[in-house]
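Shown next, in structure tokens, is the structure this report addresses.
Counting from 1, the numbers follow the sequence of the chain as shown. One-based numbering, in listed order, for ligands and for the atoms of each. What you see is a predicted model, and the numbers here were worked out from it, not measured in a lab.
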Amino acid sequence: MTGEPTPVVIAGGGLAGLSMAVFLAWHDVPCLLVERHRGTSPHPRARGIHPRAMEVMRSVGLETAIRSAESARALADNSGVIAAHSLAGKELGALQEQYVMDVRTDLSGLSPTGWCLCHQDEFEPILRARAEELGARIRFGTELVSFTQDTGGVTALLRDRDTSATDSVRASYLVAADGPASPIRTSLGIPFEGTEPLGHYLNIHFRADLRAQLGDRRFVMCYTFNPAVRGALMPLDNAERWLLHVLFDPREQAPETFTGERCLELVRAAAGVPDLAAEILGVMPWEAAGRAAGRFADGRVFVIGDAAHVMPPSGAFGSNTGIQDAHNLAWKIANVVHGHAGPGLLDSYDAERRPVGAATVEQAVLRSKDRPRMAQEAPPPPNPAIVPDTAVWFGGRYTSGAVVGDGSPADGVWVAEPAGLPGTRAPHVPLERGGDPLSTLDLFGRTFVLLAGPEGEHWCAAGERAAARLGLPLEVHRISPTGLVDVKDAWCEAYGVTPAGAALVRPDGIVAWRADGAAEEPDRVVADVLRRVLSIDAA
Ligand SMILES: Cc1cc2nc3c(=O)[nH]c(=O)nc-3n(C[C@H](O)[C@H](O)[C@H](O)COP(=O)(O)OP(=O)(O)OC[C@H]3O[C@@H](n4cnc5c(N)ncnc54)[C@H](O)[C@@H]3O)c2cc1C
């Protein structure tokens, strides 16, 4: 065994693995991330960071860095999806469905942040830098070759790709963030089932001055339908850098047949400019499918990101779902490692993220099948099984031991108006403290938070006493004219309680429990809730 044991080893340094490293380090959990590539993704690939993922990034101090990235600044005004024969050709229509929350939709009533378009090749280095700044150890060019687990931990064999030197490391937990093919998931025999491939695509990254053809349009994506190319064109800087997704059939054309010359033909056809001068910067084949793992955990191994679920890009849910897997898991591992929770808390990772992951895959598949309607002259209505984007971002409901339900019926994963329901994201309510504006969401992220209504002093006192008795870190706040000022008088309604009520919010911003009003024995109630949610034995 080389080196000190570490609480967590993360295999894979894509968006999910790097986010995991950030969140663990944020919670003061030492971790080692190994990534077999020598650097972060050189390809702009995923770029839509949806509002919930931005909230999560904001909670670890990354919102400004992400919005300051070159692509985020260049694309800050881009919105909407259109269809056309080609960029220079006739426009066929625009995606105008009720369920699509456009990048420019005003979400200020729902969230303190919103959409951000930031390319993966800029986002990953931001995550890496933050993880290292917070103390995570990151080794690129290092592969996890194999692992074993026993009752006390996991032993992983690592190999340096440059020197071929191997070393082994002992950890309490292994996080498999090793992508859709996930050797770790496969070695554990976890099924990965869902749709057959929904399409094979070539992602062509190119440089060409298309300012004249773009004009003053600022879309996110333009589907191109013409006999020479069926694809989707995406501006990377509204000027010279572009991505073209091309649909192809691998039974008729192998990806290798897309030579530089062939890619240039496709780019010219999508642009609608036969003699366009273009430079092909990179080509990446990918397969769209909808699949989810049958288990998100196996003993001391947790599966996150594309290793746990793959989905078509329609809706831009893919990496955002992986980021939320990491966010859900990190505080749980942290509480167990720091001795604040029993190991049973970790069971809630699979119980919470698997149903939401599978339901998100379903929504992405439904959206991908729905998109071709926009090119029809009189499109039929969308599939009624599609739920609005806001429900997918904010409305997933967890049912697990880490949530104390209040008897509200659970009817599927998506909740149209969560309103403080235990198991759902704690709502955004604008507040003021000392004259400074803040969101309720700015209170969450490190520890559990007990938020009490204006007449909920007894809950605050009970929370402080229960936390002291259990030796747990707990933040306690009361909505009041002299403390957290409820500027819109909205907190009680948003959290579904009376002024004498309270809500307990987990470090991941999920409501763990709420009380409608006062209770006879608030100390006992809060202590019982904390014990249940954290799987602490009642001894
Ligand atoms: C064209 C396209 C557009 C997309 N657009 C969006 C979008 O707008 N929004 C969105 O949210 N999602 C989008 N997605 C999805 C998104 O790209 C993926 O969901 C996301 O990148 C997956 O991240 P990941 O970290 O889980 O996996 P990956 O990015 O696949 O990373 C896994 C990493 O693990 C490493 N690895 C594997 N095995 C080992 C090992 N044994 N040892 C060490 N390292 C290992 C690999 O080298 C790899 O770097 C898009 C996808 C595509 C293809």
Can you tell me if [X] contacts ligand 1 (heavy atom of the residue under 4.0 Å from the ligand)?
| X | answer |
| --- | --- |
| Val310 | no |
| Gly322 | no |
| Pro180 | yes |
| Gln120 | yes |
| His50 | no |

message: Testing the 3.5 Å rule here: is there a donor-acceptor pair between the side chains of Arg45 and Ser319?
response: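 Note: Arg45 and Ser319 side chains miss the donor-acceptor criterion.
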- request: Go through the side-chain N and O atoms of Ser41 and Gln120 and say whether any donor and acceptor fall under 3.5 Å apart.
  value: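 No.
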Applying a 4.0 Å heavy-atom criterion (strictly less than), which segment of [X] is in contact with ligand 1: side chain, backbone, both, or neither?
| X | answer |
| --- | --- |
| Phe317 | backbone |
| Ser41 | neither |
| Asn203 | side chain |

message: Looking at non-hydrogen atoms alone, which of His43, His245, Arg36 comes nearest to atom 43 (C) of ligand 1?
response: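 Shortest heavy-atom distance from atom 43 (C) of ligand 1: Arg36.
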- prompt: Which residue from His37, Glu143, Glu35 reaches closest to atom 35 (C) of ligand 1 through any of its heavy atoms?
  reply: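 Selected option, by shortest heavy-atom distance: Glu35.
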Checking a contact table here: which protein heavy atom is nearest [atom], and how many Å away?
| atom | answer |
| --- | --- |
| atom 9 (N) of ligand 1 | Gly48 O, 3.2 Å |
| atom 34 (O) of ligand 1 | Gly12 CA, 3.2 Å |
| atom 12 (N) of ligand 1 | Ser319 N, 3.0 Å |
| atom 42 (N) of ligand 1 | Leu144 N, 2.9 Å |
| atom 31 (O) of ligand 1 | Gly14 CA, 3.7 Å |
| atom 51 (C) of ligand 1 | Arg45 CG, 4.2 Å |
| atom 13 (C) of ligand 1 | Ala46 CB, 3.3 Å |

Give the atoms of ligand 1, by number and element, whose distance to some non-hydrogen atom of [X] is under 4.0 Å.
| X | answer |
| --- | --- |
| Ala316 | 7 (C), 8 (O), 9 (N), 10 (C), 11 (O) |
| Gly305 | 26 (O) |
| Gly179 | 27 (O), 30 (O), 32 (C) |
| Ala177 | 32 (C), 33 (C), 34 (O) |
| Val34 | 43 (C), 44 (N) |
| Gly318 | 10 (C), 11 (O), 12 (N), 19 (O) |
| Thr142 | 43 (C) |

If the threshold is 4.0 Å, N to carboxylate O, is there a salt bridge linking [X] and [Y]?
| X | Y | answer |
| --- | --- | --- |
| Glu124 | Arg128 | no |
| Arg262 | Glu265 | yes |
| Asp162 | Arg38 | yes |
| Arg241 | Glu70 | no |

Is there any N or O on [X] that sits under 3.5 Å from an N or O of ligand 1?
| X | result |
| --- | --- |
| Asp306 | yes |
| Ala307 | no |
| Trp286 | no |
| Ala16 | yes |
| Ile304 | no |

query: How about Asp77: does its CG atom have over 12 heavy atoms from other parts shown lying under 6.0 Å from it?
result: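 No - once you tally the heavy atoms of other residues, nucleotides and ligands closer than 6.0 Å, there are 12 at most.
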message: Just verifying a value: how many Å separate Gln253 CD and Leu202 CG, rounded to the nearest 0.5 Å?
response: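 Interatomic distance, Gln253 CD to Leu202 CG, rounded to 0.5 Å: 9.0 Å.
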In terms of relative ring orientation, are [X] and [Y] parallel, tilted or perpendicular, with 30° and 60° separating the classes?
| X | Y | value |
| --- | --- | --- |
| Phe248 | Phe258 | perpendicular |
| Phe302 | Tyr349 | perpendicular |
| His50 | Trp115 | perpendicular |

Result of checking Glu352, Arg353, Arg185 against Phe296 for side chain to side chain contact (heavy atoms under 4.5 Å, CB included):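 Answer after filtering Glu352, Arg353, Arg185: Arg353.
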Give the table of side-chain donor-acceptor pairs shorter than 3.5 Å for residues 16-32, with sequence neighbours excluded, one pair per line with atom names and distance.
residue : atom : partner : partner atom : Å
Ser19   : OG   : Leu15   : O            : 2.6
Trp26   : NE1  : Gly445  : O            : 3.2

task: Determine the minimum heavy-atom distance between Ile190 and Gly294, stating which atoms define it.
output: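 Looking at all heavy atoms of both residues, the shortest contact is CG2-N, 3.8 Å.
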message: Tell me the closest heavy-atom pair linking Leu345 and Ala402, and the distance in Å.
response: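 Smallest interatomic distance, heavy atoms only, reads CD1-CB, 3.8 Å.
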- request: Validate the cation-pi geometry between Arg300 and Tyr173: distance from NZ or CZ to the six-membered ring centre under 6.0 Å, angle to the ring axis within 45°.
  value: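 Yes, a cation-pi geometry.
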message: Show every side chain to side chain donor-acceptor pair (under 3.5 Å) that has at least one partner inside residues 129-141, sequence neighbours left out.
response: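 Listed once each, the pairs are Arg130-Glu133, Arg139-Asp167.
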